[in-house]
Visitor: 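Quick one: the structure is below, questions incoming.
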Amino acid sequence: RSAPQLRHAVRPSQQVAGPVAGAAAGTASQSNSPAVPAVAAVVGSTIGIWRRRLRLLRQRRRSAVADGKGSGEDVRQKFQVARSLTFFGMVLGYAVYYLTRLSFTYVGPIMRQDLGLSMVQLGLISSFFPIAYMNSKFISGVLSDMLGSPVLIFSVGLMLTGVLNLGFAAGSTIPWFTAFWVANGLFQGCGATPCNKMLVNWYPASSRGKWWSGWNASHNIGGFITPLLAGGLAGTMGWRYGMVAPGAIALVTGFACLFFMKNSPESLGLPSAEDYAAGLRDSKDPDAALDGADTPQGSGSKKKDEVDDMPVWKMLLSNRFLWCMAVMHFFIYFIRQGVLNWAHFYIMDEFGVPAVEATARVSGFELGGLLGCIVSGQLSDWLISRRPEDGAAGLRTQVMVYFSLLSAVSVLFLWLLPPVALLQWLSMALFGFAIYGPQTLITMTGVETVPPRAAATAGGILAYPAQFGSIFAGLPFALLVKKLGWKGFFPSLVVLSLISAAVALPGWREPSYVQAQRRRRTKA
């Protein structure tokens with residue numbers, strides 16, 4: 001070919017977004033294709049520009065604070081307002097993430113009626129979503145740490161899920177639905193891991209459990225609203241409205257989050273969360289303490305990051321406590337999904353209860369789960385305040401272990417108690433309470449043992465075993481019930497609950513990252 005023809009042949013591969021696509025095109029054609037370095041250069045320069053802009057913005061804000069000489073009361077007011085808006089944005093925004101994520105679940109039955117879709121076709125549309133979502137949580141965590149802007153990832157991801165919901169509603173074919181729903185999954189993970197980083201940035205370890213569990217309640221809020229809004233609109237006005245309404249809400253909410261939420265107190269020239277809490281706790285004159293902590297160069301997170309200059313990946317992979325949390329996360333989701341998938345079938349098959357009534361009997365799970373996530377966070381914070389010299393991560397681990405043992409008790413209740421509707425509802429509520437405790441604390445506790453610069457990446461890593469646990473809860477339990485019946489199903493859940501508690505025992509006395517750095521400086 002002539003040179004112009006060759007350039008024309010290469011040009012389509014250069015238009016593919018992302019380094020993976022560029023690399024695939026280069027491998028398929030020639031090893032020295034200009035597509036790979038061109039795409040890599042564009043991606044690298046884009047990331048570099050964002051990082052330089054964010055760094056410059058932080059420097060300007062810090063300089064403004066250093067020159068502005070705000071009083072301690074001004075600092076406190078700015079801190080509290082910014083933190084409150086950020087927390088409200090996290091709760092509202094993540095509830096809306098759930099609204100778009102679960103919309104297909106409640107719109108699907110109406111699509112089946114209106115479009116004549118089969119169960120196989122509906123399954124095909126949703127089959128690749130969990131894989132996309134699992135990888136999305138990890139990638140968004142890495143990007144949040146790399147760019148230092150979790151608000152950007154959180155808000156843009158929310159707006160894109162809204163756009164994809166609207167695009168889904170505009171189609172009428174299976175390939176169209178499948179493509180848009182998989183793409184939706186690729187941005188759904190932009191919700192959790194950026195929130196993990198913001199919670200670490202804005203709340204000290206001494207009170208983080210309360211606020212983390214409060215944010216975690218957005219799961220329940222979103223799960224409660226979705227069937228009412230998406231399912232209600234789909235049933236009364238048509239399935240497209242059930243997708244359009246959550247999409248439009250996500251667009252508006254994402255824009256508001258981008259405007260009002262803030263990445264960290266340091267990005268505003270305020271003291272770190274640990275310095276702010278120490279100033280209020282240790283000084284009789286909080287204004288004076290906050291005046292002293294008014295600059296980002298105080299005793300806060302910068303020193304802690306400089307102490308440990310180990311590469312992020314080496315540090316995370318060598319963190320034994322993080323591995324314990326990963327294994328526990330797998331078993332917790334394995335047990336959780338196993339009960340949710342099979343409890344109503346057990347009630348129907350064993351006691352002849354109609355499907356609607358069986359569903360009502362297992363509905364206590366979500367209410368118990370809401371209480372469990374709040375109580376577990378509050379209880380772990382209380383333990384840390386009572387025993388400040390003990391390892392904070394270890395104290396949270398102890399709460400998780402006891403909650404896991406309680407989940408074994410709740411499973412036995414569901415199996416052995418008389419088949420009375422109220423008792424079965426209470427058993428499921430107790431199971432939700434017990435399982436949501438470790439589900440809430442695992443990621444938070446794991447994140448607390450790494451530097452803030454790696455918080456979102458650690459949260460993304462811990463997302464993988466949870467999703468694998470959910471995936472593996474399907475076929476293995478189906479085969480178990482088929483071969484051994486319910487007499488094999490419930491004892492296996494009890495054993496798995498005990499295993500989930502046992503794998504966390506090595507972290508019984510684990511300190512948080514802040515505690516470990518403080519102890520290291522004291523020894524030095």
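Numbers here are sequence positions counted from 1. The shown structure was predicted, so the numbers you read here are calculated from the model rather than taken from an experiment.
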Visitor: Would you say the side chains of Thr440 and Asn216 form a donor-acceptor pair under 3.5 Å?
Guide: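 Asn216 and Thr440 do have a side-chain donor-acceptor pair below 3.5 Å.
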
Visitor: Considering all heavy atoms of both residues, which atom of Val312 and which atom of Ala454 are nearest to each other, and what is their separation?
Guide: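 Looks like CG1-CB, 3.9 Å.
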
Visitor: The test is side-chain contact (heavy atoms from CB on, under 4.5 Å); show your working for Ile174 and Leu117 and say whether it passes.
Guide: CA-CA 9 Å; Ile174 299 300; Leu117 301 181; 3.6 Å; yes

Visitor: Are the side chain of Glu274 and the backbone N or O of Ala205 linked by a donor-acceptor pair below 3.5 Å?
Guide: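 Yes, because the side chain of Glu274 sits within donor-acceptor range (under 3.5 Å) of the backbone of Ala205.
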
Visitor: So with a 6.0 Å cut-off around OH of Tyr241, is the heavy-atom count from everything else above 12?
Guide: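 Atom OH in Tyr241 is not packed in, count stays at 12 or less.
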
Visitor: To the nearest 0.5 Å, what is the distance between CD1 (Ile110) and CD (Gln113)?
Guide: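 The distance works out to 5.0 Å.
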
Visitor: Do side-chain atoms of Ser84 reach the backbone of Val81 as a donor and acceptor pair under 3.5 angstrom?
Guide: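 Here the side-chain-to-backbone pair does not exist.
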
Visitor: Using only heavy-atom distances, determine whether the side chains of Ser172 and Arg240 contain a donor-acceptor pair under 3.5 Å.
Guide: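 Yes - a donor-acceptor pair under 3.5 Å links their side chains.
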
Visitor: Take atom OH in Tyr464; do more than 12 heavy atoms of anything else shown fall under 6.0 Å from it?
Guide: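 More than 12 heavy atoms, drawn from other residues, nucleotides or ligands, come within 6.0 Å of this atom.
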
Visitor: Name the one of Gln80, Arg83, Arg76 that satisfies side-chain hydrogen bond (donor to acceptor under 3.5 Å, both in side chains) with Tyr276?
Guide: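 Answer to the side-chain hydrogen bond (donor to acceptor under 3.5 Å, both in side chains) test with Tyr276 among Gln80, Arg83, Arg76: Gln80.
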
Visitor: Spell out, as yes or no, whether a donor-acceptor pair under 3.5 Å connects the side chain of Ser103 to the backbone of Met243.
Guide: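 No, because the side chain of Ser103 does not come within donor-acceptor range (under 3.5 Å) of the backbone of Met243.
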
Visitor: One pair to check against side-chain hydrogen bond (donor to acceptor under 3.5 Å, both in side chains): Thr161 and Gln188. What are the steps and the verdict?
Guide: CA-CA 7 Å; Thr161 62; Gln188 283 290 336; 4.5 Å; no

Visitor: Centroid-to-centroid, Phe365 to Tyr436, below 6.0 Å?
Guide: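 Yes: the rings meet the under 6.0 Å criterion.
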
Visitor: Show your reasoning for whether side-chain hydrogen bond (donor to acceptor under 3.5 Å, both in side chains) applies to Arg101 and Tyr133.
Guide: CA-CA 10 Å; Arg101 186 183 310 163; Tyr133 174 56; 3.3 Å; yes

Visitor: Between CZ of Phe403 and OG of Ser500, what distance do you get to the nearest 0.5 Å?
Guide: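 Rounded to the nearest 0.5 Å, the CZ-OG separation comes to 13.0 Å.
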
Visitor: What closest approach, in Å, do Arg396 and Leu441 show between heavy atoms, and which atom pair accounts for it?
Guide: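 Between these two residues, the closest heavy atoms are O-CD1, 4.0 Å.
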
Visitor: Is there a side-chain contact between Leu462 and Asn196 (heavy atoms, below 4.5 Å)?
Guide: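 A side-chain contact is absent here, since even the closest heavy-atom pair is not under 4.5 Å.
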
Visitor: Just verifying a value: how many Å separate Ser407 OG and Gln439 CD, rounded to the nearest 0.5 Å?
Guide: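 If I round to the nearest 0.5 Å, the distance is 12.0 Å.
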
Visitor: Strictly under 6.0 Å, is that where the ring centroids of Phe468 and Phe334 end up?
Guide: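 Centroid distance Phe468-Phe334: not below 6.0 Å, so no.
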
Visitor: Give the minimum heavy-atom separation between Pro150 and Met198, together with the two atoms involved.
Guide: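 For Pro150 and Met198, the tightest heavy-atom pair comes out as CG-CG, 3.6 Å.
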
Visitor: Write down the atom of Ala393, the atom of Thr449, and the distance for their closest heavy-atom approach.
Guide: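 It is CB-CG2, 3.8 Å.
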
Visitor: Check whether any side-chain heavy atom of Thr86 lies under 4.5 Å from a side-chain heavy atom of Phe260, and answer yes or no.
Guide: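 A side-chain contact is absent here, since even the closest heavy-atom pair is not under 4.5 Å.
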
Visitor: Per the ring pair (Phe, Tyr, Trp, His ring centres under 6.0 Å) rule, what does the pair list look like for residues 141-169, sequence neighbours excluded?
Guide: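 For residues 141-169: Tyr97-Phe154, Phe104-Phe168, Phe168-Phe177, Phe168-Trp181.
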
Visitor: CG/Leu379 to NZ/Lys210 distance, rounded to the nearest 0.5 angstrom?
Guide: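 Reported value, rounded in 0.5 Å steps: 14.0 Å.
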
Visitor: I would like to know whether Leu370 and Ile374 meet side-chain contact (heavy atoms from CB on, under 4.5 Å); could you show each step before the answer?
Guide: CA-CA 7 Å; Leu370 177 61; Ile374 294 174; 4.2 Å; yes

Visitor: Going by atom types alone, do Ser140 and Thr193 pair a side-chain donor with an acceptor below 3.5 Å?
Guide: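 Their side chains do contain a donor-acceptor pair, which is all the 3.5 Å distance test asks for.
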
Visitor: If I compare all heavy atoms of Val200 with all of Arg208, which pair ends up nearest, and what's the gap?
Guide: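 Between these two residues, the closest heavy atoms are O-NH2, 3.6 Å.
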
Visitor: Distance from Ile435 atom CD1 to Ser404 atom OG, nearest 0.5 Å?
Guide: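 So the gap between those two atoms works out to 6.5 Å.
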
Visitor: Taking the side chain from Asp114 and the backbone from Gly238, do they hold a donor-acceptor pair closer than 3.5 Å?
Guide: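 No; zero donor-acceptor contacts below 3.5 Å.
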
Visitor: Going through the checks in order, is the side-chain contact (heavy atoms from CB on, under 4.5 Å) test met by Glu448 and Val514?
Guide: CA-CA 8 Å; Glu448 285 184 338; Val514 173; over 6 Å; no

Visitor: Does some side-chain heavy atom of Val75 sit less than 4.5 Å from a side-chain heavy atom of Pro271?
Guide: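 With C-beta onward as the side chain, the pair touches.
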
Visitor: Please state whether the rings of Trp215 and His219 are parallel, tilted or perpendicular, taking 30° and 60° as the class boundaries.
Guide: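 Trp215 and His219: perpendicular rings.
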
Visitor: Using 0.5 Å steps for rounding, measure from the CG atom of Leu152 to the SG atom of Cys190.
Guide: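 The CG atom of Leu152 sits 9.5 Å away from the SG atom of Cys190.
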
Visitor: Taking Gly223's backbone N and O only, do any of them form a donor-acceptor pair with Thr226's side chain (distance below 3.5 Å, no angle check)?
Guide: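 Judged by distance alone, no pair lies under 3.5 Å.
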
Visitor: Donor-acceptor pair, Asp381 side chain versus Gly209 backbone, under 3.5 Å?
Guide: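 Present.
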
Visitor: For a quick test of reading the model, state the closest non-hydrogen atom pair linking Leu258 to Ser155 and the distance between them.
Guide: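 Closest heavy-atom pair between Leu258 and Ser155: N-OG, 3.1 Å.
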
Visitor: Looking only at atom types and distance, does a side-chain atom of Ser136 sit under 3.5 Å from a main-chain N or O of Ala132, one as donor and one as acceptor?
Guide: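 Not a single qualifying donor-acceptor pair exists.
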
Visitor: Does any part of the side chain of Ile461, heavy atoms only, come nearer than 4.5 Å to the side chain of Trp313, both counted from C-beta?
Guide: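 Touching, per the 4.5 Å side-chain cut-off.
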
Visitor: Are any non-hydrogen side-chain atoms of Met328 and Ile442 less than 4.5 angstrom apart?
Guide: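 The answer is yes; the side chains approach within 4.5 Å.
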
Visitor: With a 4.5 Å cut-off on side-chain heavy atoms, are Ile335 and Phe431 touching?
Guide: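 Yes. Closest side-chain heavy atoms under 4.5 Å.
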
Visitor: Between Trp202 and Lys262 (side chain of the first, backbone of the second, donor and acceptor by atom type, cut-off under 3.5 Å), is there such a pair?
Guide: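 Confirmed, Trp202 side chain pairs with Lys262 backbone.
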
Visitor: Under a 4.5 Å cut-off applied to non-hydrogen side-chain atoms, are Val450 and Tyr513 in contact?
Guide: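 Heavy-atom side-chain distance check fails, nothing below 4.5 Å.
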
